[in-house]
Amino acid sequence: MAKPKVLVIEDEPDILEVIQYNLGREGYKVLACRNGEQGLSRIRTDNPDLVILDLMLPGLDGVEVCRRVKSDPVTREIPIVMVTAKSEESDIVLGLGLGADDYVTKPFSPRELVARVKVVLRRGPLREQGGAGERVVRGPLTVDLGRFEARVADEPVSLTPTEMRLLHFLASHPGRVFPRAHLLSRVIGEDAVVTDRNIDVHVRALRQKLGEHASCIETVRGVGYRFAEAER
Ligand code: CA
């Protein structure tokens, strides 16, 4: 199999070097550039398997690069891992909403970054996963949208339609972080007159019903929720 090709868009030379070194050591082919405009054109010409994108870039910033990549049918399937400062939580939410696949916050360990890259490359584009089917099984948990049935360790759990859709959606994409607004539009609908925090109410109710398995729904502070990834 060909080595996966990773394009790193990062203006800070030290961080760029650390990323290049560590991904190179893992056997990835690493391309690099220092600003958004260059990054965008290399995404189109080099067709990388994954992009590591710093959000704070001179000129065209990372969020804008993400928006353009994800709105272009030719490039939208290329996964993006954002690199951000902790103080850029609103940008993380924005980026994930635009279709970025994951993020790490600075300072990150090279190990953490490599792990995120592996996970994102393994799970492939979100669209394909959407075809996971009506029935999702994760450990002791089974969610069957078609039969409108959820079970934990073979015991039926009584969920509302919103809780059912929420659990099914999250469980269909383990390890993937979804901002609150994204979950709301997926499980309640775009037209719903609700605030982002409304999703918290549903998550709380869902966790209560899941009992000792409640921890499968993880809160990602300042960002949203994700379904816990199975230990490997
Ligand atoms: Ca930067």
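Computed from a predicted model, the values in this text were never measured in an experiment. In each ligand, atom 1 is the first atom listed, and ligand 1 is the first ligand listed. The chain is numbered in sequence order, starting from 1.
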Output all residues satisfying salt bridge (charged side-chain N to carboxylate O under 4.0 Å, His left out) with Lys209, sequence neighbours left out; order by chain, then residue number. Glu163
For Glu37, look at atom CD and say whether over 12 heavy atoms of other residues, nucleotides or ligands are found less than 6.0 Å away. yes
Could you tally the protein N/O/S atoms lying less than 3.0 Å away from the Ca ion (ligand 1)? 4
Arg42 with Asp46: basic N within carboxylate O range, under 4.0 Å: yes
Asp54/Lys106 ion pair, N-O < 4.0 Å: yes
Residue from Leu94, Ile92, Leu98 passing side-chain contact (heavy atoms from CB on, under 4.5 Å) with Leu96: Ile92
Any side-chain heavy-atom pair from Lys29 and Pro4 closer than 4.5 angstrom? no
